[in-house]
Student: 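Dropping the structure in here first, questions after.
Bear in mind the structure is a predicted one, so any value in this text is a computation, not a measurement.
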Protein chains: 2
Amino acid sequence: MPAPRPPSAEKPGTLAKPARSRIQQRNRQRILDAALEVFSNHGFRGATLDQIAAEAGLSKPNLLYYFDSKETVHRALLTRLLDDWLAPLRKLDPSGAPDVEILSYMHRKLEMSRAYPRESRLFANEILQGAPRLEGFISTELRALVDEKASVIAAWARAGRIAPIDPHHLIFSIWALTQHYADFTAQIDMIRGPGHDPFEGAGAFLDHLYKRLLAP
Amino acid sequence: MPAPRPPSAEKPGTLAKPARSRIQQRNRQRILDAALEVFSNHGFRGATLDQIAAEAGLSKPNLLYYFDSKETVHRALLTRLLDDWLAPLRKLDPSGAPDVEILSYMHRKLEMSRAYPRESRLFANEILQGAPRLEGFISTELRALVDEKASVIAAWARAGRIAPIDPHHLIFSIWALTQHYADFTAQIDMIRGPGHDPFEGAGAFLDHLYKRLLAP
DNA sequence: GTCTATACTCTGATAGAC
DNA sequence: GTCTATCAGAGTATAGAC
């Protein structure tokens with residue numbers, strides 16, 4: 001009896017559907033990837049199931065065999081995203097060196113934007129439109145995490161280990177600056193002309209900026 | 001033969017329709033205001049003529065009496081916006097004091113975001129979706145203006161009048177930080193809780209940030 | 001599981017009376 | 001100039017054969 005495969009092991013408490021075959025897993029994945037591409041570029045209303053199905057190489061009814069509705073696809077994408085979205089800030093360590101911790105957080109966030117620009121635009125599209133589908137997440141989990149880390153930063157500032165600073169605005173500035181390169185890629189490309197990585201020079205610039213800002 | 005009214009005088013080269021009555025002017029204005037409200041919150045595809053007509057207090061066919069199509073309304077909004085969009089950067093004066101000029105630019109931009117958040121979101125929505133209707137504007141006018149002012153800033157840096165800095169990234173950072181408060185208002189509100197001006201503290205924070213960044 | 005055909009709704013735009 | 005009625009097309013979702 002081979003050990004590796006736990007008997008019909010599905011994470012208990014998970015609302016996802018029960019065990020799926022390999023082909024189902026693969027198709028769901030293709031759909032989510034295609035949906036990410038289309039939703040991030042056109043927003044929820046702007047995206048059509050036709051586009052997503054074409055991008056995924058499936059027929060529209062077949063897509064709807066895997067997900068009940070357009071909404072369901074979109075929610076699945078957001079859910080998958082939010083897991084990773086908090087990670088960079090979570091890693092900010094209260095017992096680390098303040099400047100290193102904040103700089104590292106900024107770089108992790110920038111790296112996320114570079115590696116996952118579509119996810120960033122999906123998120124931006126949602127916020128821009130009033131965040132109707134993210135209200136729960138933002139006002140509970142994200143808010144709590146931000147407040148927690150803001151306290152840490154405020155304590156560092158009070159102790160004189162970094163320059164005095166408003167911690168919420170510091171966090172907002174990191175979000176704004178790092179996500180800008182993903183969300184506004186179209187504009188940056190048009191201004192710098194083609195053949196440039198939109199993130200070119202961003203790491204060095206932001207590193208310099210925050211070192212100056214935080215130096216006690 | 002009365003002099004004051006030039007025969008069918010329309011600005012030559014203008015594509016706009018001929019002289020309009022007061023009531024027409026007023027209705028066009030109402031429609032544009034309503035459209036700004038709806039487009040900025042839902043994007044082009046997400047907005048419907050029904051919503052815009054309702055917001056403007058008109059019937060849908062009546063709206064289409066004033067504008068040929070949904071596209072036309074949207075283009076009119078963008079055109080009106082782009083005139084004002086370049087103004088803050090245009091005012092950056094090469095013969096002024098470098099730090100004052102850059103700080104003033106940042107504050108003008110922040111003030112624009114605070115006073116016209118819907119315009120900012122309209123613009124953000126466009127860029128986020130690949131800027132199809134702004135390609136001409138960005139790759140010509142905006143690009144030329146940015147390059148011109150970047151040269152000015154670069155010269156200031158070379159002369160040691162401000163700290164050495166990449167001028168394009170400096171400009172991008174000002175855009176990112178000032179527009180963030182308008183574009184991501186929903187998120188900021190949810191994190192800080194209700195009853196707060198989303199721009200609260202932004203002026204002081206950004207002022208401090210750029211003073212530190214630019215000090216030679 | 002996947003497809004073709006189709007039902008039904010929403011939405012942009014037009015016709016035509018007033 | 002403004003409205004009611006309506007068309008035509010797009011888009012989500014379902015039925016049912018294979």
Side-chain angles (χ1 to χ4, degrees), chain A residues 8 16-78 122 125-126 129 132-133, chain B residues 15-78 122 125-126 129 132-133:
Chain A
S8 87
K17 285 172 193 145
R20 285 183 274 268
S21 73
R22 277 152 215 78
I23 191 171
Q24 276 173 326
Q25 295 276 11
R26 194 186 54 108
N27 273 346
R28 283 181 65 90
Q29 202 51 49
R30 282 159 93 106
I31 292 169
L32 287 176
D33 286 349
L36 175 60
E37 181 70 25
V38 178
F39 280 133
S40 67
N41 285 327
H42 302 281
F44 182 75
R45 291 278 315 260
T48 71
L49 289 180
D50 280 297
Q51 286 176 291
I52 298 172
E55 180 84 22
L58 296 170
S59 68
K60 190 162 48 167
N62 199 10
L63 186 160
L64 286 165
Y65 169 79
Y66 287 97
F67 292 89
D68 288 343
S69 69
K70 187 181 178 181
E71 268 284 333
T72 310
V73 184
H74 194 257
R75 243 198 305 277
L77 269 185
L78 281 184
L122 180 73
N125 255 307
E126 282 298 300
Q129 308 190 3
R133 301 173 188 82
Chain B
L15 288 178
K17 284 173 192 148
R20 284 184 275 267
S21 73
R22 278 152 215 80
I23 191 171
Q24 275 173 327
Q25 294 276 12
R26 194 186 54 109
N27 274 345
R28 283 180 66 90
Q29 201 51 50
R30 281 159 93 106
I31 292 169
L32 287 176
D33 286 348
L36 176 58
E37 182 68 25
V38 178
F39 279 134
S40 67
N41 285 326
H42 302 281
F44 181 76
R45 293 277 316 259
T48 72
L49 289 181
D50 280 299
Q51 286 175 290
I52 298 172
E55 180 86 22
L58 296 169
S59 68
K60 189 162 53 168
N62 199 10
L63 187 161
L64 287 166
Y65 168 80
Y66 288 96
F67 292 90
D68 287 346
S69 69
K70 187 181 179 181
E71 266 284 333
T72 310
V73 184
H74 193 258
R75 243 199 305 279
L77 269 185
L78 281 184
L122 180 73
N125 255 306
E126 282 298 299
Q129 308 191 3
R133 301 170 188 85

Student: What is the distance from OH of A:Y65 to C1' of D:dA17, rounded to the nearest Å?
Tutor: 16 Å
Student: Just to verify, which of A:L78, A:L77, A:N125 counts as forming a side chain to side chain contact (heavy atoms under 4.5 Å, CB included) with A:F39?
Tutor: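 For A:F39, the side chain to side chain contact (heavy atoms under 4.5 Å, CB included) test succeeds with only one of A:L78, A:L77, A:N125, which is A:L77.
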Student: Provide, to the nearest angstrom, the distance between the CG atom belonging to B:D50 and the P atom belonging to D:dT6.
Tutor: 17 Å
Student: Please determine, for the side chain of B:P61, which listed nucleotide (D:dA15, D:dT4, D:dT2) has the closest atom?
Tutor: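 So the nucleotide nearest the side chain must be D:dT4.
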Student: At under 4.0 Å between heavy atoms, what does B:A47 touch on the DNA or RNA strands: base, sugar-phosphate, or nothing?
Tutor: sugar-phosphate
Student: Compare side-chain N and O positions of A:N62 against OP1 and OP2 of C:dC3 and report whether any pair is under 4.0 Å apart.
Tutor: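 So the side-chain polar atoms of A:N62 do come within 4.0 Å of the phosphate oxygens OP1 or OP2 of C:dC3, strictly under.
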Student: For the pair made of CD in B:E71 and C1' in C:dG12, what is the distance, rounded to whole Å?
Tutor: 12 Å
Student: Write down the distance between CG (A:L63) and P (C:dC3), rounded to a whole number of angstrom.
Tutor: 11 Å
Student: Which value, rounded to the nearest 0.5 Å, describes the distance between A:Y66 atom OH and A:Q29 atom CD?
Tutor: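 That separation rounds to 12.5 Å.
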Student: What contact category does B:L49 fall into here, base, sugar-phosphate, or nothing, at under 4.0 angstrom with non-hydrogen atoms?
Tutor: sugar-phosphate
Student: Answer yes or no for A:R133 and A:F44: cation-pi contact, defined as NZ/CZ to six-membered ring centre under 6.0 Å and angle to ring axis within 45°.
Tutor: yes
Student: Using a distance-only criterion (donor-acceptor N/O pair, under 3.5 Å, no hydrogens), is the base of D:dG11 paired with the side chain of A:K70?
Tutor: no
Student: What's the NE2-P distance between B:H74 and C:dG12, to the nearest Å?
Tutor: 13 Å
Student: Taking only the side-chain nitrogens and oxygens of B:Y66, find out if one of them lies under 4.0 Å from OP1 or OP2 of D:dT2.
Tutor: yes
Student: If each of A:S59 and A:R45 is mapped to the nucleotide of DNA chain C with the nearest heavy atom, which maps nearer the 5' terminus, i.e. the 5' end?
Tutor: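 That would be A:S59.
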Student: Could you state the CZ-C1' distance from A:F67 to D:dT12, rounded to the nearest angstrom?
Tutor: 16 Å
Student: Over how many whole Å does the gap from A:L64 atom CG to D:dT14 atom P extend?
Tutor: 7 Å
Student: Just so I know, are the side chains of B:F67 and B:H74 near enough to count as touching, which here means a heavy-atom distance under 4.5 Å?
Tutor: no
Student: Under 4.0 Å between a side-chain N/O of B:S21 and OP1 or OP2 of D:dG1, yes or no?
Tutor: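 For D:dG1, OP1 or OP2 has a side-chain N or O of B:S21 closer than 4.0 Å.
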Student: For the pair made of CG in B:N27 and P in D:dG1, what is the distance, rounded to whole Å?
Tutor: 9 Å
Student: Please tell me which of A:K60 and B:G57 maps to the more 5' nucleotide of DNA chain D, matching each residue to the nucleotide holding its nearest heavy atom.
Tutor: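 Result of the comparison: B:G57.
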Student: Do B:T48 and B:K60 come close enough that some side-chain heavy atom pair is under 4.5 Å?
Tutor: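 SC-SC contact between B:T48 and B:K60 ruled out.
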